[in-house]
A.B. asks: 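Quick one: this structure, given as structure tokens, is what I'll be asking you about.
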Amino acid sequence: MKNKTITILHLYPNDMNIYGDYGNVLTVKRRLEWYGFKANIIDYNQGDKFPDDIDIVIGGGGQDSGQNKIQKDLLMIGPKLKQLADNGVPMLVICGLYQLFGKFFKTADDQIIEGIGLMDIETLAKPERLIGNIITHSEEFGDIIGYENHSGQTFLGHQVPALGRVRLGAGNNTTGISEGARFKNVIGSYLHGSLLPKNPKIADYLIEKAVTNKYGKFIKKDIDDKYAELARKHAAKRPR
């Protein structure tokens with residue numbers, strides 16, 4: 001498989017890349033290499049030509065100013081991202097881009113930052129900022145460990161499954177116990193940290209979907225995740 005390439009599209013690294021979110025791209029790249037694939041990373045920023053051949057999409061968080069800055073461009077490429085999602089392309093979007101993959105983000109001064117509506121979610125800015133270590137549980141991925149830092153509170157549509165149920169922390173909002181959202185092979189989450197180094201099962205999910213889509217099957221092999229497990233154990237013991 002050394003001659004087989006998986007292309008990762010990194011959305012808006014100039015404006016939506018805080019709290020270590022670039023680590024998600026690096027984790028997928030390294031794990032692809034361990035599985036015997038070549039990883040091709042394409043950075044997409046405002047005004048860039050949107051590439052034709054994409055296997056995985058990863059995007060991070062940003063401040064309200066960053067969301068404002070990319071909004072027009074994101075709405076322009078939104079139909080292409082929706083088509084990719086419909087075609088089963090796996091995606092991971094964190095915090096700010098998670099919000100903008102939904103219908104809208106209403107800021108504290110009542111400004112509406114329109115999203116692309118890929119997921120049936122809505123986000124409202126609230127006075128309380130939700131900050132701290134967070135653990136959620138997913139039937140598919142087990143415990144998901146990370147760090148949240150957001151004032152936007154996200155509310156899921158009735159047919160939208162959450163990524164996980166909160167065991168420690170706040171998650172999507174202060175009125176429920178859900179964290180993140182899923183649509184087809186798209187995962188949205190508030191977990192920074194970055195998310196994937198401490199949650200290799202999610203990284204492998206993205207890889208398996210991408211490889212299967214492109215090459216027909218994915219043969220998983222054992223990877224020594226002792227350091228990831230050690231990081232998980234230490235992070236899980238930290239106070240909120």
A.B. asks: Atom CD1 of Ile144 and atom CG of Leu163: how far apart are they, to the nearest 0.5 Å?
C.D. replies: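 Separation between the atoms: 4.0 Å.
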
A.B. asks: Between Gln99 and Thr154, is there a side-chain donor-acceptor contact under 3.5 Å, judged purely by atom types and distance?
C.D. replies: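 Gln99 and Thr154 do not have a side-chain donor-acceptor pair below 3.5 Å.
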
A.B. asks: Going through the checks in order, is the side chain to side chain contact (heavy atoms under 4.5 Å, CB included) test met by Ile6 and Ile207?
C.D. replies: CA-CA 9 Å; Ile6 294 295; Ile207 291 170; over 6 Å; no

A.B. asks: Holding to side-chain contact (heavy atoms from CB on, under 4.5 Å), I want the full list of residues that pass it with Lys221, two or more places apart in sequence or in another chain.
C.D. replies: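 Tyr35.
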
A.B. asks: Applying side chain to side chain donor-acceptor pair (under 3.5 Å), can you list everything that pairs with Ser65, at least two apart in sequence or on another chain?
C.D. replies: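 By the side chain to side chain donor-acceptor pair (under 3.5 Å) rule, Ser65 matches no residue at all.
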
A.B. asks: Would you indicate whether the side-chain heavy atoms of Leu81 and Phe50 approach each other to under 4.5 Å?
C.D. replies: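 Contact flag for Phe50/Leu81 side chains = yes.
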
A.B. asks: What is the minimum heavy-atom distance between Ile112 and Gln71, and which atoms define it?
C.D. replies: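 In terms of heavy atoms, the two residues are closest at O-NE2, 4.3 Å.
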
A.B. asks: Using salt bridge (charged side-chain N to carboxylate O under 4.0 Å, His left out) as the criterion, point out the one residue from Lys201, Lys198, Arg31 that pairs with Asp225.
C.D. replies: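 Single pass found, and it is Arg31.
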
A.B. asks: By the side-chain hydrogen bond (donor to acceptor under 3.5 Å, both in side chains) test, which pairs, at least two apart or in different chains, include something from residues 48-57?
C.D. replies: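 The answer is Asp55-Lys214.
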
A.B. asks: Check whether any side-chain heavy atom of Leu97 sits under 4.5 Å from a side-chain heavy atom of Ile70, and report yes or no.
C.D. replies: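 Yes, side chains in contact.
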
A.B. asks: Between Leu124 and Phe104, is there a side-chain heavy-atom distance shorter than 4.5 Å?
C.D. replies: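 Counting from C-beta outward, Phe104 and Leu124 do come under 4.5 Å.
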
A.B. asks: Quick one, Met91 and Phe183 - any side-chain contact, counting heavy atoms below 4.5 Å?
C.D. replies: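 No, too far: nothing below the 4.5 Å cut-off.
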
A.B. asks: Do Thr7 and Pro51 have side chains that get closer than 4.5 Å, going by heavy atoms?
C.D. replies: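 Not in contact.
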
A.B. asks: Test of understanding: with ring-ring contact (aromatic ring centres under 6.0 Å, His included), list the residues that count as partners of Tyr190, not counting sequence neighbours.
C.D. replies: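 ring-ring contact (aromatic ring centres under 6.0 Å, His included) check on Tyr190 returns Tyr98, His150.
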
A.B. asks: Search all heavy atoms of Met16 against all heavy atoms of Gly66 and return the closest pair with its distance.
C.D. replies: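 The answer is SD-C, 3.9 Å.
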
A.B. asks: Asn24 and Ser194: which non-hydrogen atoms are nearest, and at how many Å?
C.D. replies: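 Taking Asn24 first and Ser194 second, the nearest heavy atoms are OD1-CB, 3.6 Å.
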
A.B. asks: May I have all residue pairs that pass salt bridge (Lys or Arg N to Asp or Glu O under 4.0 Å) and include part of residues 140-166, sequence neighbours excluded?
C.D. replies: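 Pairs touching residues 140-166 that pass the test: Glu140-Arg182, Asp143-Arg167, Glu148-Arg240.
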
A.B. asks: Considering all heavy atoms of both residues, which atom of Ser178 and which atom of Val166 are nearest to each other, and what is their separation?
C.D. replies: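 Shortest heavy-atom separation between Ser178 and Val166 comes out as O-CG2, 3.8 Å.
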
A.B. asks: So does Glu33 have more than 12 non-hydrogen atoms from other groups sitting under 6.0 Å from CD?
C.D. replies: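 Yes - once you tally the heavy atoms of other residues, nucleotides and ligands closer than 6.0 Å, there are more than 12.
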
A.B. asks: State which residues pass side-chain contact (heavy atoms from CB on, under 4.5 Å) with Asp73; sequence neighbours excluded, sorted by chain then number.
C.D. replies: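 Asp73 satisfies side-chain contact (heavy atoms from CB on, under 4.5 Å) with Tyr12, Tyr44, Gln46, Met76, Ile77 only.
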
A.B. asks: Tell me every residue that passes ring-ring contact (aromatic ring centres under 6.0 Å, His included) with Phe141, counting only those two or more places apart in sequence or in another chain.
C.D. replies: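 Applying ring-ring contact (aromatic ring centres under 6.0 Å, His included) to Phe141 gives Tyr205.
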
A.B. asks: I'd like to check the side-chain contact (heavy atoms from CB on, under 4.5 Å) partners of Gln153; sequence neighbours left out, ordered by chain and number.
C.D. replies: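 Only Lys126, Leu130, Phe155, Asn173, Thr174 meet the side-chain contact (heavy atoms from CB on, under 4.5 Å) criterion with Gln153.
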
A.B. asks: With sequence neighbours excluded, give me every side-chain hydrogen bond (donor to acceptor under 3.5 Å, both in side chains) pair touching residues 80-95.
C.D. replies: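 Those involving residues 80-95 are Gln83-Asn87, Asp86-Lys184.
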
A.B. asks: My understanding is that only residues two or more places apart in sequence, or in another chain, count here; which of them pass side-chain contact (heavy atoms from CB on, under 4.5 Å) with Thr107?
C.D. replies: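 Checked Thr107 against side-chain contact (heavy atoms from CB on, under 4.5 Å); matches are Asp64, Phe105, Asp109, Gln111, Ile113.
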
A.B. asks: Which atom names give the shortest non-hydrogen contact between Ala236 and Ile145, and what distance separates them?
C.D. replies: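 Here Ala236 and Ile145 meet closest at CB-CD1, 4.0 Å.
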
A.B. asks: Which residues satisfy the side chain to side chain donor-acceptor pair (under 3.5 Å) test with Lys209, sequence neighbours excluded?
C.D. replies: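 Scan of Lys209 (side chain to side chain donor-acceptor pair (under 3.5 Å), adjacent residues dropped) gives none.
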
A.B. asks: Under the salt bridge (Lys or Arg N to Asp or Glu O under 4.0 Å) rule, what pairs show up with a residue in residues 127-138, not counting sequence neighbours?
C.D. replies: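 Output for this query is empty, none listed.
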
A.B. asks: Would you say Lys38 and Leu32 make side-chain contact, with heavy atoms under 4.5 Å?
C.D. replies: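 Of all side-chain heavy-atom pairs linking Leu32 with Lys38, none is under 4.5 Å.
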
